[in-house]
Amino acid sequence: MNAAETENGADGGPMLLELRDIAVEYGAVRALDGVSLGVRRGEVVAVMGPNGAGKSTVLKAVMGLAPVVAGSVHWRQRLLAAATHEIVREGIAFVPQGRRVFTHLTIAENLEMGCLYLNDRAEKARRLDSVMELFPILHQKRRDLASQMSGGQQQMLALGRGLMASPELLLLDEPTLGLAPIIVTEVFQKVAEISHRLNTTIMVVEHNIKGVLNIVDRAYILDKGAVVHNGTPQSIRDTDILTQVFLGSG
Ligand SMILES: Nc1ncnc2c1ncn2[C@@H]1O[C@H](COP(=O)(O)OP(=O)(O)O)[C@@H](O)[C@H]1O
Ligand SMILES: [Mg+2]
């Protein structure tokens with residue numbers, strides 16, 4: 001833990017989700033090397049860094065999808081020991097990179113996939129209404145196949161499907177990847193709206209640094225499997241850390 005994190009810890013209270021000294025190895029490749037980071041209840045936190053820095057691996061380590069060789073993940077200040085398929089019931093929803101929607105299913109069916117474990121039909125209907133209210137386009141197209149949607153709409157669908165789990169924490173991996181600039185802005189606005197309206201805690205992995213810094217409370221910068229900086233968006237804009245990391249890695 002560096003000085004900035006200690007300061008934040010003093011004002012901000014305990015972490016809702018916390019990675020402590022996590023190391024991940026894919027065979028001979030050490031993808032994360034002693035990564036400590038976290039998000040407090042109600043925060044929107046970004047994990048940024050160049051390609052290959054280990055951003056996706058951070059989220060996969062939480063979800064039990066990465067070979068963690070050292071360190072621990074804490075959820076509500078307890079060791080997170082749930083199996084991958086049980087984590088959603090703990091209150092964590094994961095929207096992976098590449099918006100993997102089910103193209104042969106309708107929009108409504110895709111959304112229902114987000115809470116398969118839920119048997120309460122009334123609750124399912126209530127969540128569907130609430131997600132469609134947040135994303136009017138999903139309501140409008142609810143009977144269309146997901147394959148008929150644009151990339152931006154599919155990203156909204158992937159976000160909506162995550163929210164169907166009614167999560168306390170949403171983990172988003174590169175939600176703006178490959179989208180046109182105007183759609184990127186729209187996606188970031190939706191992420192901010194989810195935080196404000198639903199009070200969902202959010203950890204978002206992003207390559208698109210400029211856009212994401214506008215909507216987050218804090219950000220971590222990852223380079224070559226290690227956290228090289230963390231702080232408020234302003235503290236990050238005030239340093240040349242982004243230039244160093246993003247240009248230095250080329
Ligand atoms: N399944 C895998 N097998 C081997 N190496 C991997 C695997 N997944 C990721 N890596 C490597 O781990 C490092 C971090 O990858 P990743 O977390 O996907 O980075 P990012 O999301 O920041 O682009 C990279 O060097 C990548 O090549
Ligand atoms: Mg990635």
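These figures come from a predicted structure and were not determined experimentally. In each ligand, atom 1 is the first atom listed, and ligand 1 is the first ligand listed.
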Inset, instruction - Would you please test Val205 and Val58 for side chain to side chain contact (heavy atoms under 4.5 Å, CB included) and show each step? - result: CA-CA 9 Å; Val205 158; Val58 164; 5.6 Å; no
Inset, instruction - Output yes if Thr57 passes the N/O/S-under-2.8 Å test against the Mg ion (ligand 2); output no otherwise. - result: no
Inset, instruction - Without swapping roles, check the side chain of Arg20 against the backbone of Ser72 for a donor-acceptor pair under 3.5 Å. - result: no
Inset, instruction - Look only at the side chain of Lys55 and the backbone of Asp173, and say whether a donor-acceptor pair between them is shorter than 3.5 Å. - result: no
Legend entry - Contact flag Asn51/the Mg ion (ligand 2), N/O/S atoms, threshold under 2.8 Å: no
Legend entry - Derivation of the side chain to side chain contact (heavy atoms under 4.5 Å, CB included) call for Glu133 and Arg197: CA-CA 11 Å; Glu133 197 188 324; Arg197 279 180 54 173; 3.6 Å; yes
Inset, instruction - Apply side chain to side chain contact (heavy atoms under 4.5 Å, CB included) to the pair Phe102 and Glu109, showing each step before the final yes or no. - result: CA-CA 9 Å; Phe102 301 96; Glu109 287 165 347; over 6 Å; no
Inset, instruction - Say whether, by atom type as modelled, one donor and one acceptor occur between the side chain of Glu206 and the main chain of Asn208 under 3.5 angstrom. - result: yes
Inset, instruction - Write out the protein residues near ligand 1, meaning a non-hydrogen atom under 4.0 Å from one of its atoms, in order of chain and number. - result: Tyr26, Ala31, Pro50, Asn51, Gly52, Ala53, Gly54, Lys55, Ser56, Thr57
With a 3.5 Å cut-off and sequence neighbours excluded, list the donor-acceptor pairs that the side chains of residues 143-151 form with protein atoms.
{"from": "Ser147", "atom 1": "OG", "to": "Thr103", "atom 2": "O", "distance (Å)": "3.4"}
{"from": "Gln148", "atom 1": "OE1", "to": "Leu145", "atom 2": "N", "distance (Å)": "2.9"}
{"from": "Ser150", "atom 1": "OG", "to": "Gln153", "atom 2": "N", "distance (Å)": "3.2"}

